[in-house]
Chemist: 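A single structure is presented below for examination.
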Amino acid sequence: MEAEFGYAVDQLLTAEQDPPHRAHLQAGRDIAPGAVDDAARGSAKFALWADSTRLGELSLASLRARLTALTHAYVYSPLTPVFADLVDLRDDLFTLIRNHPDPVRLRETYLLAGTTCAVLAYASGDLGAPQAAMIQTQAALACAERADSPTLTAWVLGNQAMTQEWYGAAGQGVRLAGQATVHARRAPVPGTVLVRLASIEARAHASLGNAPAAREALNRARAARDLSADHYAGQRDEFDDIGGILQFTPAKQSFYAGSVFLRLGDAAAAHDASLAAIAAYASGPADQRSYGDETLAWVDVAAARVADPLRDLDGAAEALAVVHAQPSTMRIPALVQPLTVLKRELATARYQNARLAHQMRGTIDDLVEQCRRHSANEIST
């Protein structure tokens with residue numbers, strides 16, 4: 001394992017591809033050059049050390065409260081200060097583990113440290129640094145093993161599945177989502193991680209063009225939501241108890257469903273699910289409102305209207321106008337891929353000569369350029 005980590009650290013590079021799941025990059029404190037990779041190196045060293053030592057005793061209430069606050073802030077706040085605070089929290093947890101050996105709270109401390117690394121892995125991917133995300137992932141998995149936390153293992157593997165699907169390896173995404181689901185089912189209380197994994201799997205199947213499997217996975221996501229609500233009322237698994245980015249809300253479930261239907265070519269279902277996600281975010285709690293997800297859902301609404309047999313260009317233009325009217329801080333890298341797909345559809349024969357389609361293509365070019373520029377500013381070295 002040490003050789004693998006050493007190789008990964010040596011090969012750390014900032015990818016130029018668009019991040020797979022960052023849905024709310026906003027302006028904030030600049031991340032210092034190399035900070036994402038430095039954070040990954042620290043986690044890599046800790047992961048190598050973790051198997052050879054025991055943990056220490058300290059009241060973890062304040063550390064858990066810090067993690068809870070950061071996972072909630074991740075949903076709706078600028079990423080850069082949240083990332084810096086996550087690194088500080090991780091370092092404090094690692095110091096506790098190293099300097100206060102005591103097995104009494106071994107599991108909880110490893111769980112908090114591993115969860116912090118898991119969120120750092122998610123954030124590293126959002127910042128366009130997949131190699132750093134990989135190393136944070138390995139640190140999280142090392143901690144998950146020591147904590148015997150099937151939920152943490154499942155959530156991390158779900159991240160990997162999502163990333164594989166985003167970068168074109170949907171078959172790997174299906175496989176990883178299946179592995180993650182096996183771990184998630186070991187948890188004493190089934191949580192929304194099962195909903196998340198089924199939704200990720202559905203999107204991967206849809207990318208492969210397997211409509212029956214995608215719809216079956218969406219059905220499993222709904223069943224997992226119902227199971228948690230009906231049979232475990234008042235009980236939460238470890239991640240839902242912390243909440244924030246670790247919890248898969250009904251709004252996010254609708255957002256994923258919309259993207260699945262769009263991949264399957266079911267414009268009507270995609271349209272309805274995307275609008276349901278937008279409405280749920282707008283009417284839900286403020287600390288669960290992912291403005292980036294809303295923006296992405298509006299792009300999906302536009303795409304669904306373009307794909308409609310009735311050729312609802314006016315409605316598509318209205319949806320795209322919502323995206324264009326968003327503050328510049330919402331020019332998130334994750335928008336590039338769906339906007340590019342939308343532009344491609346607007347350039348097909350059925351729309352090629354339409355004046356409104358031409359205007360929309362120009363708007364999309366402007367948005368994509370701003371998204372790429374925003375991403376470069378966030379991870380500049």
Side-chain angles (χ1 to χ4, degrees), residues 12 14-43 66-91 115-137 139-140 155-156 158-159 162-163 166 242-249 251-252 255 281 286-297 323 326-338 367 370-381:
L12 276 178
T14 298
E16 296 181 355
Q17 297 153 301
D18 298 315
H21 48 67
R22 180 58 181 174
H24 53 284
L25 277 174
Q26 301 178 38
R29 221 163 60 217
D30 287 341
I31 292 179
V36 177
D37 290 347
D38 287 345
R41 291 187 184 94
S43 291
R66 284 169 62 188
L67 176 59
T68 300
L70 289 171
T71 60
H72 283 256
Y74 197 109
V75 175
Y76 60 87
S77 298
L79 174 60
T80 48
V82 173
F83 184 91
D85 290 343
L86 283 166
V87 173
D88 288 342
L89 174 60
R90 182 209 61 182
D91 290 346
T115 303
T116 304
C117 289
V119 180
L120 280 169
Y122 197 93
S124 298
D126 283 342
L127 289 166
Q131 290 287 345
M134 177 190 72
I135 295 175
Q136 296 284 7
T137 292
W155 200 83
V156 173
N159 286 349
M162 181 168 49
T163 301
W166 185 269
I242 296 172
I245 194 64
L246 302 177
Q247 186 177 24
F248 202 75
T249 64
K252 202 168 189 74
F255 167 58
Y281 276 124
D287 65 352
Q288 293 181 8
R289 186 169 185 176
S290 173
Y291 295 97
D293 277 357
E294 282 188 59
T295 304
L296 286 163
V323 178
Q326 294 282 2
S328 60
T329 54
M330 296 307 301
R331 304 295 188 256
I332 56 177
L335 281 169
V336 172
Q337 186 185 68
L367 286 169
Q370 292 182 47
C371 290
R372 294 193 186 281
R373 187 163 57 247
H374 187 89
S375 177
N377 290 338
E378 288 285 344
I379 60 173
S380 59
T381 59

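Note that the structure is a prediction, hence the values are computed from the model and not measured. In what follows, every heavy atom counts, from backbone to side chain, and hydrogens, waters and symmetry copies are set aside.
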Chemist: To the nearest 0.5 angstrom, please state how far the OG atom of S43 sits from the CD1 atom of I135.
Modeler: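 Atom-to-atom, S43:OG and I135:CD1 are 9.0 Å apart.
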Chemist: How close do A123 and F83 get, counting heavy atoms only, and between which atoms?
Modeler: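 The answer is CB-CD1, 3.7 Å.
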Chemist: Whether the side chain of R289 engages the backbone of E294 through a donor-acceptor N/O pair (distance < 3.5 Å, no angle test) should be reported.
Modeler: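 Checking the backbone N and O of E294 against the side chain of R289, no donor-acceptor pair under 3.5 Å is found.
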Chemist: Without swapping roles, check the side chain of S77 against the backbone of Y74 for a donor-acceptor pair under 3.5 Å.
Modeler: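 Between the backbone of Y74 and the side chain of S77 there is no qualifying donor-acceptor contact (under 3.5 Å).
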Chemist: If I take atom CZ from residue R372 and atom CG from residue L335, how far apart are they, to the nearest 0.5 angstrom?
Modeler: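 Here the rounded value is 11.5 Å.
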Chemist: Is there a side-chain contact between D287 and V75 (heavy atoms, below 4.5 Å)?
Modeler: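 No. Closest side-chain heavy atoms not under 4.5 Å.
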Chemist: Is the shortest heavy-atom distance from the side chain of Q247 to the side chain of K252 under 4.5 Å?
Modeler: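 No; the side chains remain at least 4.5 Å from each other.
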Chemist: Indicate yes or no: at least one non-hydrogen side-chain atom of N159 is less than 4.5 angstrom from one of T137.
Modeler: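 SC-SC contact between N159 and T137 ruled out.
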Chemist: Contact between L70 and V119 at the side-chain level, heavy atoms closer than 4.5 Å - yes or no?
Modeler: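 Side-chain contact under 4.5 Å: no.
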Chemist: Check whether the side chains of S124 and Q136 place a donor and an acceptor atom closer than 3.5 Å, and report yes or no.
Modeler: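 Result is no, nothing qualifies.
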Chemist: Show the nearest heavy-atom pair for residues G125 and A133, with the distance to one decimal.
Modeler: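 Nearest heavy atoms, G125 then A133: N-CB, 3.9 Å.
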Chemist: Output the distance between atom OG1 (T116) and atom CG (L89), rounded to the nearest 0.5 Å.
Modeler: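 Between T116 OG1 and L89 CG, I get 4.0 Å after rounding to 0.5 Å.
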Chemist: With distance as the sole criterion, is a donor-acceptor pair present between the side chains of Y281 and D293 under 3.5 Å?
Modeler: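 Result is yes, a qualifying pair exists.
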Chemist: Residues two or more places apart in sequence or in another chain: which of them pass ring pair (Phe, Tyr, Trp, His ring centres under 6.0 Å) with F248?
Modeler: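 Ring pair (Phe, Tyr, Trp, His ring centres under 6.0 Å) list for F248, sorted by chain: Y256.
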Chemist: Hey, is the main chain of Q288 close enough, under 3.5 Å, to the side chain of H72 for a donor-acceptor pair?
Modeler: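 No, H72 side chain to Q288 backbone: no donor-acceptor pair under 3.5 Å.
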Chemist: Shortest non-hydrogen contact from A139 to C117?
Modeler: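 Between these two residues, the closest heavy atoms are CB-SG, 4.0 Å.
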Chemist: Working note: Y291 + Q326, criterion side-chain contact (heavy atoms from CB on, under 4.5 Å); need CA distance, chi angles, decisive distance, verdict.
Modeler: CA-CA 10 Å; Y291 295 97; Q326 294 282 2; 6.0 Å; no
Chemist: Starting at OG1 of T80, measure out to CG of D85 and round the result to the nearest 0.5 Å.
Modeler: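 Nearest 0.5 Å value for the OG1-CG distance: 10.0 Å.
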Chemist: Quick one: CG on L79 to OH on Y122, what's the gap to the nearest 0.5 Å?
Modeler: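 Answer rounded to 0.5 Å: 11.0 Å.
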Chemist: Between OG1 of T68 and CG of L246, what distance do you get to the nearest 0.5 Å?
Modeler: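 Going from OG1 on T68 over to CG on L246, the span is 8.5 Å.
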Chemist: On a heavy-atom basis, which atom in A132 and which in V36 lie closest, and how many Å separate them?
Modeler: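 That would be CB-CG1, 3.8 Å.
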Chemist: Do L296 and P338 have side chains that approach each other closer than 4.5 Å (heavy atoms only, starting at C-beta)?
Modeler: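 Yes, their side chains come closer than 4.5 Å.
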Chemist: Is the closest side-chain heavy-atom distance between T115 and L67 below 4.5 Å?
Modeler: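 Yes; the side chains approach each other to less than 4.5 Å.
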